[in-house]
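Reviewing the structure listed below.
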Amino acid sequence: MDRRKFLETSGWSLLGVAAAGSLLGSCTPGTKEAKKIMPSPSNFKMYWGDLHNHCNITYGHGDMKDAFEAAAEQLDFVSVTPHAMWPDIDSELIHDDPRLKWVLDYHTDAFRRLRSGNYDKYVKMTQEYNQEGKFLTFIGYEAHSMKHGDHVALHYDLDAPLVECDSIEDWKEKFKGQKVYVTPHHMGYQKGYRGYDWKYFSEGIQTPFVEMYSRHGLAEGDMGDYPYLHDMGPRQWEGTIQYGLSLGNKFGLIGSTDQHSGYPGSYGDGRVGVLAESLSRDRIWEGLGSRHTCCATGDKIDIDFRINDAFMGDVVKGDSRRIYVNVEGQSCIDYVDIVKNGKLIARLNGPLIPVMPKEEMVRCKIKMEYGWNREEKYVAWNGRISIDRGRILSVTPCFRGAAFTSPQPGETEFHTHVNRIRSVSDTFTELEMYTSKNPNTMTPSTQAVILEVEMPVNGVITSDFNGRKFSHTLGELLEGSRSHFMIGWLSEAVLFNRAMPESCYKIEHYMVDDQPESDTDYYYVRVRQKDQQWAWSSPIWVER
């Protein structure tokens, strides 16, 4: 089938840019042209983690044990990261401003607590939760810097000591020769005010990736979704990812939550995906160091991005670039972009409304979401979601922590409510979840799971929680979402999101770019879903 015809019948449209080279007209799998484009088979799988988040062992909310428990429910690996030091905290910018006395006191007290037994406790618990092949834990800790920006040191060794420093550059010097990654984050703040200065970036094994997205916002550029809203200020161009790439730097991309309520992997706050052959310490560490990483806001959006058999993060040579992109989202994809040297060279637009499948037996994803009350008190949800026909292929958690970015002095200690998938079978899943009111109309506090199912259109999905049952056929949900209050208006509610057929959350694309622009060109892929969940691949660099 013609490539454009295939896209149109699936509800997709393809916008190409002439300068990108030739878009192949017949690229479906099995054709002669497609065989030239298709990359070699790979043993890589995407694993998901959070390498930067906080709990109450320094400043933050939530018990450390609950943080590890929450992480294990929806991540493959984690580093629960205490705030450790701020070498230039006594600078004139802070010390001479009476407004900021609390900043000095608040942070130095937290650093003191870490060194008064909490670091040893942290190392011990990190070791206790590490399970090779099942759930990996890493030791990491954060250093602030007005001059150099904030960084996280991530250690390979599970008995890593706390390394002191006089500056971030001093820190990096002390880590030379060790298995440590030093990662800048919230890149886009003003230089000199804990924003990142690219002149201090050193390409290599010590800083293979940078954190582009977290609760602070998105630092891809100075425009677009997720602006910086923290009291640390707005985002600006010179700290962003696009600016760093324009300077010729090579680095991978990750997301982290930077959560301060003891909930690593909190849905919507940032995650990192790593391509690796297995969930082993060596393979995940190698994937991070090879820049085989992607950044996601929350949904586990799988991006298979290759150029001439190179994976994201790689550097290859060649004037003819065979570009392959295969994306599987968790909801309807809005668009998939291929970016070259800061310019859009192709955009694949998803359908405005998912195309109704014609088959009787449908494979699709359904997000079941819970919350929406107006009370401060938490609502406990205990029950199950079931189907009466077909089978459940997977259940993906979308669990959130409380919406804290930086707790302030005097705030009441917050207890983490850990959400759990209690069981999964072919026909049902049992859940234990906790929701509170949404803090505002822009910040959700709902909890959800995504069911991937294969079932007939007349099959029934039932939500049975807290003594209330609600049911809809798959056919109804393919037409649109359905919602129900549990005990009447302004009470907690259940949302059966629109069922998403495969045609709207999967896309495969092939193209050739045979027009090099410079000695080294970079390419990356960005994916936006209609529910505003995003994912970005790390770049691939192609040298002439």
Side-chain angles (χ1 to χ4, degrees), residues 50 53 55 60-63 66-67 69-75 215 257 259-271 297-299 330-331 366-386 395-405 407 411-424 428-451 461-472 481-498 531-533:
D50 182 4
N53 56 87
C55 62
H61 291 312
D63 184 75
D66 288 335
E69 290 288 326
E73 283 295 316
Q74 58 183 351
L75 299 175
R215 279 199 64 83
T257 61
Q259 250 263 338
H260 284 65
S261 64
Y263 217 100
S266 177
Y267 181 74
D269 291 340
R271 293 174 179 176
T297 56
D299 271 347
Q330 296 294 336
S331 186
I366 308 165
K367 188 176 187 178
M368 298 293 296
E369 200 163 356
Y370 300 82
W372 287 281
N373 71 347
R374 60 182 286 114
E375 308 298 331
E376 296 287 351
K377 185 178 179 181
Y378 270 74
V379 173
W381 299 83
N382 290 282
R384 64 165 56 186
I385 304 167
S386 60
V395 180
T396 302
C398 305
F399 295 152
R400 289 185 169 96
F404 292 114
T405 301
E411 284 184 346
T412 303
E413 168 66 12
F414 175 83
H415 171 65
T416 300
H417 292 72
V418 179
N419 303 283
R420 301 180 188 276
I421 297 175
R422 288 300 187 185
S423 66
V424 178
F428 69 86
T429 179
E430 294 179 316
L431 308 174
E432 175 188 340
M433 301 178 296
Y434 300 87
T435 67
S436 62
K437 70 175 186 179
N438 297 323
N440 54 62
T441 56
M442 299 297 289
T443 305
S445 289
T446 57
Q447 307 295 351
V449 294
I450 298 171
L451 272 63
I461 300 98
T462 298
S463 170
D464 183 0
F465 283 83
N466 300 351
R468 297 296 306 275
K469 279 188 182 182
F470 303 102
S471 298
H472 291 284
S481 58
R482 303 288 192 274
S483 63
H484 304 273
F485 287 113
M486 291 290 285
I487 53 177
W489 189 49
L490 302 184
S491 72
E492 57 271 22
V494 179
L495 174 60
F496 292 68
N497 281 270
R498 179 190 289 269
D531 60 1
Q532 211 176 359
Q533 293 295 320

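This is a predicted model, so every value here is computed, not measured. These values consider heavy atoms only, across backbone and side chains, with no hydrogens, waters or symmetry-generated copies.
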Taking every non-hydrogen atom, the tightest pair across [X] and [Y]:
{"X": "S491", "Y": "M486", "answer": "OG-N, 3.6 Å"}
{"X": "K367", "Y": "A448", "answer": "CE-CB, 3.7 Å"}
{"X": "Q259", "Y": "G401", "answer": "NE2-C, 3.8 Å"}
{"X": "A403", "Y": "P439", "answer": "CB-CG, 4.4 Å"}
{"X": "N373", "Y": "E492", "answer": "CB-N, 3.6 Å"}
{"X": "S483", "Y": "L495", "answer": "CB-CD1, 4.0 Å"}

Applying side chain to side chain donor-acceptor pair (under 3.5 Å) to S471 and not counting sequence neighbours gives T462
Under 4.5 Å between any side-chain heavy atoms of [X] and [Y], yes or no?
{"X": "W372", "Y": "V494", "value": "no"}
{"X": "P397", "Y": "Y267", "value": "no"}
{"X": "N419", "Y": "Y263", "value": "yes"}

Under 3.5 Å: donor-acceptor pair, side chain of [X], backbone of [Y]:
{"X": "T416", "Y": "D66", "value": "no"}
{"X": "R271", "Y": "G265", "value": "yes"}
{"X": "N438", "Y": "S445", "value": "yes"}
{"X": "Q330", "Y": "D299", "value": "no"}

Starting at [atom1] of [X], measure out to [atom2] of [Y] and round the result to the nearest 0.5 Å.
{"X": "S481", "Y": "E369", "atom1": "OG", "atom2": "CD", "result": "10.0 Å"}
{"X": "Q447", "Y": "S436", "atom1": "CD", "atom2": "OG", "result": "8.5 Å"}
{"X": "R482", "Y": "R498", "atom1": "CZ", "atom2": "CZ", "result": "8.5 Å"}
{"X": "I385", "Y": "L451", "atom1": "CD1", "atom2": "CG", "result": "5.5 Å"}
{"X": "Q532", "Y": "S331", "atom1": "CD", "atom2": "OG", "result": "12.5 Å"}
{"X": "H472", "Y": "F496", "atom1": "NE2", "atom2": "CZ", "result": "5.0 Å"}

Start with the C-alpha distance between E69 and R420, add both sets of side-chain angles, then the distance that settles side chain to side chain contact (heavy atoms under 4.5 Å, CB included), and finish with yes or no.
CA-CA 9 Å; E69 290 288 326; R420 301 180 188 276; 3.3 Å; yes
Return all side-chain donor-acceptor pairs below 3.5 angstrom for residues 374-384, not counting sequence neighbours, or 'none' if the list is empty.
residue: E376; atom: OE2; partner: K437; partner atom: NZ; Å: 3.1
residue: W381; atom: NE1; partner: T435; partner atom: OG1; Å: 2.9
residue: R384; atom: NH2; partner: E430; partner atom: OE2; Å: 3.4

Pair R400-T446, side-chain donor/acceptor within less than 3.5 Å |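 On atom types as modelled, these side chains qualify, holding a pair under 3.5 Å.
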Original post:
Quick one: do the N53 and T257 side chains pair a donor with an acceptor below 3.5 Å?
Top reply: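 No, no side-chain donor-acceptor pair sits under 3.5 Å.
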- prompt: With F465, which residues qualify under ring-ring contact (aromatic ring centres under 6.0 Å, His included), at least two apart?
  reply: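 Result, ring-ring contact (aromatic ring centres under 6.0 Å, His included) vs F465: Y370.
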